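Take a look at the structure set out below.
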Amino acid sequence: MNITEVRVKLTEAKKNRLQAFCSITIDNDFVVRDLKIIEGYKGAFVAMPSRKLADKCPKCNSKNHLRSRFCNDCGNKLDDKRALGESRDESKGKFKLYADTAHPINSKCRDEIEQKVLAAYKEEAEKAKEPGYKPPAMDIPDDIDYDEDNTNS
Ligand SMILES: [Zn+2]
């Protein structure tokens, strides 16, 4: 697999752990968007695109994020313990609230993506220090929770 292009859009708020959004192009043919660069305790790492896991409200059947305490539609109080069900990620001993929508299936590929994306991120962060810096045009998801612990990787 050849990563032929990486685009990085830095996030505005510097205090957040979420540092940037990225897209990668594979073999000039296929784009994966919404990768994230997150500042972890051991340095920056790349999080794969993911979706929030949801389940249905027992009262009105609307879908709610597993972390929601009340139904978004009818306001019904939801069971705090429901995330303990099948979505629990045993290996990490914590609730799995997200599922990756695209991800490498071996560590060689993971390393390659991580190296290229982090290199592009550092380059972009350097460029951003220069006067007249123009961030790249890139769509970013509009439903991002900056404070969530989205650290599946
Ligand atoms: Zn409901």
Side-chain angles (χ1 to χ4, degrees), residues 1 3 5-27 29-118 120-121 124-125 128 134-153:
M1 184 188 83
I3 298 167
E5 191 184 359
V6 180
R7 287 193 194 178
V8 176
K9 189 167 178 89
L10 304 172
T11 55
E12 303 278 333
K14 295 277 177 251
K15 278 182 230 156
N16 295 323
R17 293 179 58 216
L18 176 60
Q19 304 287 302
F21 290 99
C22 314
S23 71
I24 59 173
T25 306
I26 298 163
D27 296 333
D29 278 334
F30 193 86
V31 177
V32 180
R33 305 197 324 181
D34 298 347
L35 284 79
K36 294 178 207 122
I37 293 174
I38 294 170
E39 192 61 48
Y41 300 108
K42 295 176 195 162
F45 68 91
V46 179
M48 293 300 136
S50 61
R51 65 184 169 83
K52 286 180 182 177
L53 294 173
D55 68 348
K56 285 179 180 171
C57 168
K59 201 170 162 191
C60 73
N61 233 20
S62 289
K63 276 196 169 181
N64 292 283
H65 179 33
L66 283 181
R67 193 174 273 185
S68 305
R69 295 179 59 224
F70 295 91
C71 173
N72 288 327
D73 251 26
C74 74
N76 184 32
K77 180 157 178 10
L78 301 168
D79 180 5
D80 293 338
K81 303 252 174 10
R82 70 196 193 287
L84 280 166
E86 55 191 74
S87 65
R88 180 157 186 182
D89 184 347
E90 300 286 351
S91 64
K92 289 172 196 159
K94 65 175 193 173
F95 304 135
K96 191 174 168 76
L97 297 168
Y98 296 85
D100 289 352
T101 50
H103 60 92
I105 55 172
N106 59 58
S107 57
K108 180 177 170 283
C109 180
R110 178 173 291 277
D111 290 348
E112 193 183 338
I113 292 174
E114 191 143 84
Q115 280 170 19
K116 292 210 171 160
V117 168
L118 290 178
Y121 164 60
E124 197 67 27
K134 281 207 178 107
M138 200 166 112
D139 290 341
I140 59 168
D142 54 12
D143 63 343
I144 289 298
D145 300 309
Y146 285 93
D147 58 338
E148 287 203 40
D149 182 27
N150 182 8
T151 52
N152 281 341
S153 314

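Start at 1 and go down the list; that is how both ligands and their atoms are numbered. Not measured: the values here are computed from a predicted model.
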Cys74 and Cys71 have their tightest heavy-atom pair at N-SG, 3.4 Å

field: Thr11 (side chain) donor-acceptor with Gln19 (main chain) under 3.5 angstrom
entry: yes

Practice task
Return yes if some donor-acceptor pair links the side-chain N/O of His65 with the main-chain N/O of Leu53 below 3.5 Å, else return no.
Solution key: yes

inquiry  = A cation-pi test, strictly: NZ or CZ of Lys52 under 6.0 Å from the centre of the six-membered ring of Tyr98 and no more than 45 degrees from its axis. Yes or no?
reply    = no

Does the side chain of Arg69 come within less than 4.5 Å of Asp80's, by heavy atoms? yes

Within a distance under 2.8 Å of the Zn ion (ligand 1), the protein atoms of type N, O or S are Cys57 SG, Cys60 SG, Cys71 SG, Cys74 SG

inquiry  = Can you tell whether the side chains of Glu5 and Arg7 come within less than 4.0 Å, N to carboxylate O?
reply    = yes

